[in-house]
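One structure is given below, encoded as structure tokens.
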Protein chains: 2
Amino acid sequence: MKADPDTNETSGLGRRRGNAREESSATYQRRRREIAEAAVRVFDRLGLQGASISAVAAELGINRASIYYYISSKEELFDEVLRAVAERNRIMAAEIAASDLPPPDKLRKLIVEIMVSYGEHYPLLYIYIRENLSQVSDRRTGWSKDMRDINRTIENAFIHIIEQGYADGSLRDIGPPKVIAFGMLGVVGWTHRWFRPATAEHSAREIGETYAEMMISGMRAN
Amino acid sequence: MKADPDTNETSGLGRRRGNAREESSATYQRRRREIAEAAVRVFDRLGLQGASISAVAAELGINRASIYYYISSKEELFDEVLRAVAERNRIMAAEIAASDLPPPDKLRKLIVEIMVSYGEHYPLLYIYIRENLSQVSDRRTGWSKDMRDINRTIENAFIHIIEQGYADGSLRDIGPPKVIAFGMLGVVGWTHRWFRPATAEHSAREIGETYAEMMISGMRAN
DNA sequence: GTAAACATCAACGAATATGTTGATTTTTGT
DNA sequence: ACAAAAATCAACATATTCGTTGATGTTTAC
């Protein structure tokens, strides 16, 4: 009845009591995914702060405790939902930065691809952006540190490309690279306030291209 | 002892029980201000969502109930702290929009003045921006509706100026006015993520001018 | 110096949050 | 059909929130 006493329950004792078996039973994985998807909807509505496990349970019309059968804490649910896609974005930025395009083209591509990514994974990356905005998360240390690192990588990609462009003369120097970089990230990040792929008149790619044009045409040193 | 039965306590019964007197007793106003200032610090650290009245009390080292002696609810505290300065910003935007500068100069001025305002009232306007980001506030209806209205006014100022510029040929049409407008607001709004006046290498005005240059030089039609 | 107004606090009640557990229902395999 | 495993739930314990209230200190005025 009780869980085997020899299971290495290092922390979170609660969940998945009769497990043992490989975690990949057909239905288990499916249910877990359903919960994650419901959580995304709730997080999008209420923010990570405001979203309670109760609210996620209500979204699915099930009992709150059932969720703990699949995940062991709210934190784990955040992680389940957000980490993979945020990480993918980091890699994308690093690849563009490492490519051999001229700096203005790198910037343009970065801006467009980030916007496209926001649209494709909507609303996941926006949830992440909003959360990271409020510096509340200082407590959930492990998770929040990783997320911050992902951010920093992307920021550094922008900064480095701008420095490169200043150095090789392909970009006109209009201000500190860091300020410019944050500006560009701000434009695309801010779309979380108004861009809704399902009802938008313009595609994420079109918006990205508009923004790239807006910011880069004035910096090009042609 | 009890509050006079004839006082028109329409709602929030709690606060200021023995008042009657004009609200402007010397110390009362001072204390109320101290509380507001402590609240600003806490809101800045934790966000409006995450900030509890307890945390504000702790910030001052006083009892939680004492705060209710000065304010009657968390909402009133938000309002006390944020409304005036947000409103001032709205007026500023409206004035620039109504001036007779050429559209590109209006845009430049708007961007710079908004940034300057962020710096001057730091961190107040950033608290407001962050809160408005998460759409959580739908509940605190009265307050949140007003704040949304202020936002909309500023957005519309940008949109209208861009349309004006497209129409009179002073701005090159690079995309939908709404998209451009949100982009410009995004750049300045995003500064809440990194701009700290006390330690920054560049002034709010310099940053605003850099951003204005970044976005407007590419749109100027000369 | 003393009474009234002012300011503070401990304690309470009602909500809501998180995470756990024992029992119960449902599904699955044979 | 039936036993074992999987999934769900009601209920519990604990913590934290908000807003209120009666009592207790502390100023102020006269």
Side-chain angles (χ1 to χ4, degrees), chain A residues 1-4 7 9 11-35 38-39 42-43 46-78 136 139-140, chain B residues 1-4 7 9 11-35 38-39 42 46-58 60-78 136 139-140:
Chain A
M1 271 106 201
K2 307 286 275 293
D4 305 34
T7 51
E9 300 275 46
S11 62
L13 348 157
R15 93 137 159 334
R16 206 80 226 287
R17 282 158 299 175
N19 67 356
R21 197 80 33 168
E22 359 122 54
E23 296 265 49
S24 12
S25 73
T27 57
Y28 174 79
Q29 289 297 349
R30 178 154 43 81
R31 192 63 164 144
R32 189 174 169 117
R33 180 167 282 256
E34 277 176 22
I35 290 173
V42 174
F43 292 162
L46 306 176
L48 294 197
Q49 280 288 315
S52 65
I53 296 289
S54 304
V56 178
E59 174 81 15
L60 284 164
I62 64 173
N63 189 285
R64 202 169 52 78
S66 296
I67 288 180
Y68 285 101
Y69 182 73
Y70 295 90
I71 60 106
S72 61
S73 75
K74 208 174 154 184
E75 268 212 52
E76 187 180 311
L77 190 50
F78 293 166
V136 186
R139 220 73 56 67
R140 313 196 274 294
Chain B
M1 272 106 196
K2 307 284 276 290
D4 304 34
T7 51
E9 300 275 46
S11 61
L13 349 155
R15 93 144 162 328
R16 208 79 226 286
R17 281 159 297 175
N19 68 357
R21 194 87 27 173
E22 359 123 53
E23 296 265 50
S24 13
S25 74
T27 58
Y28 174 79
Q29 288 297 349
R30 179 156 43 82
R31 192 63 166 143
R32 190 176 168 116
R33 179 167 282 255
E34 276 176 22
I35 290 173
V42 174
L46 305 176
L48 295 198
Q49 277 291 312
S52 64
I53 296 288
S54 305
V56 178
L60 284 165
I62 64 172
N63 188 286
R64 199 169 56 77
S66 295
I67 289 181
Y68 284 102
Y69 182 74
Y70 296 89
I71 60 108
S72 61
S73 73
K74 211 173 153 184
E75 268 210 55
E76 186 179 313
L77 190 49
F78 293 165
V136 186
R139 220 75 55 69
R140 311 197 275 293

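All chains are named by letter (A, B, ...) in the order of the sequence lines, taking the proteins before the strands, and each is independently numbered beginning at 1.
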Nucleotides 26-30 of chain C: which of its N/O atoms have a protein N/O under 3.5 Å away?
none

All pairs passing salt bridge (Lys or Arg N to Asp or Glu O under 4.0 Å) where residues 61-73 of chain A contributes a residue, at least two apart: none
Taking all heavy atoms of Phe43(A) and all of Ala51(A), pick out the closest pair and write down the distance. CD2-CB, 3.4 Å
Expressed in angstrom and rounded to an integer, what is the separation of Ile62(A) atom CD1 from dT24(C) atom P? 21 Å
Calculate the interatomic distance between Ile67(A) atom CD1 and dA17(C) atom P; express it in whole Å. 12 Å
Phosphate OP1/OP2 of dT8(C) contacted by Tyr69(B) side-chain N/O (<4.0 Å): no
Note, Ile62(B) side chain near Glu34(B) side chain (heavy atom, < 4.5 Å): no
What residues form a side chain to side chain contact (heavy atoms under 4.5 Å, CB included) with Ala55(B), not counting sequence neighbours? Val42(B), Leu46(B), Ser52(B)
N/O to N/O distances under 3.5 Å, protein versus nucleotides 10-15 of chain C:
unit_1: dA10(C); atom_1: OP2; unit_2: Asn63(B); atom_2: ND2; d: 3.0

Spacing of Ile53(B) atom CD1 relative to dC9(C) atom P, expressed in whole Å: 15 Å
Length of the CD-P vector between Gln49(A) and dT18(C), whole Å: 11 Å
What's the closest nucleotide to the Ser54(B) side chain, out of dG19(C), dC9(C), dT17(D)? dT17(D)
Parallel, tilted or perpendicular: ring planes of Tyr70(A) versus Tyr28(A), cut at 30 and 60 degrees: parallel
Just grab all the salt bridge (Lys or Arg N to Asp or Glu O under 4.0 Å) pairs involving residues 49-58 of chain A, residues at least two apart or on different chains. none
Between dA6(D) and Tyr70(A), is there an OP1 or OP2 to side-chain N/O distance shorter than 4.0 Å? no
Compare the minimum distances between each of dT8(C), dC9(D), dT20(C) and the side chain of Ser66(A), then state the nucleotide with the smallest one. dC9(D)
Could you state the atom-to-atom distance from CZ of Arg32(B) to C1' of dA7(C) in whole Å? 15 Å
Quick one: is dC18(D) close enough that its OP1 or OP2 comes under 4.0 Å of any side-chain N or O from Lys74(B)? yes
Rounded to the Å, how far apart are Leu46(B) CG and dT17(D) P? 11 Å
Would you kindly give the CZ-to-P distance between Arg30(B) and dT27(D), to the nearest whole Å? 12 Å
Which heavy atom in Ala57(B) sits nearest to a heavy atom in Ile67(B), and how many Å separate them? N-CD1, 3.5 Å
For the side chain of Ser52(B), counting heavy atoms from C-beta on, which of dT8(C), dC18(D), dT8(D) is nearest? dC18(D)
Hey, is the side chain of Tyr68(B) poking within less than 4.0 Å of OP1 or OP2 on dC9(C), counting only N and O atoms? no
Per the end-axis method with five pairs at each terminus, what is the bend angle of the helix from dG1(C)-dC30(D) to dT16(C)-dA15(D), to 10°? 10°
So which atom in Lys74(B) and which in Ile53(B) form the shortest heavy-atom distance, rounded to 0.1 Å? CG-CD1, 3.9 Å
Ile71(B) has an atom CD1; how far is it from atom C1' of dC18(D), in whole Å? 10 Å
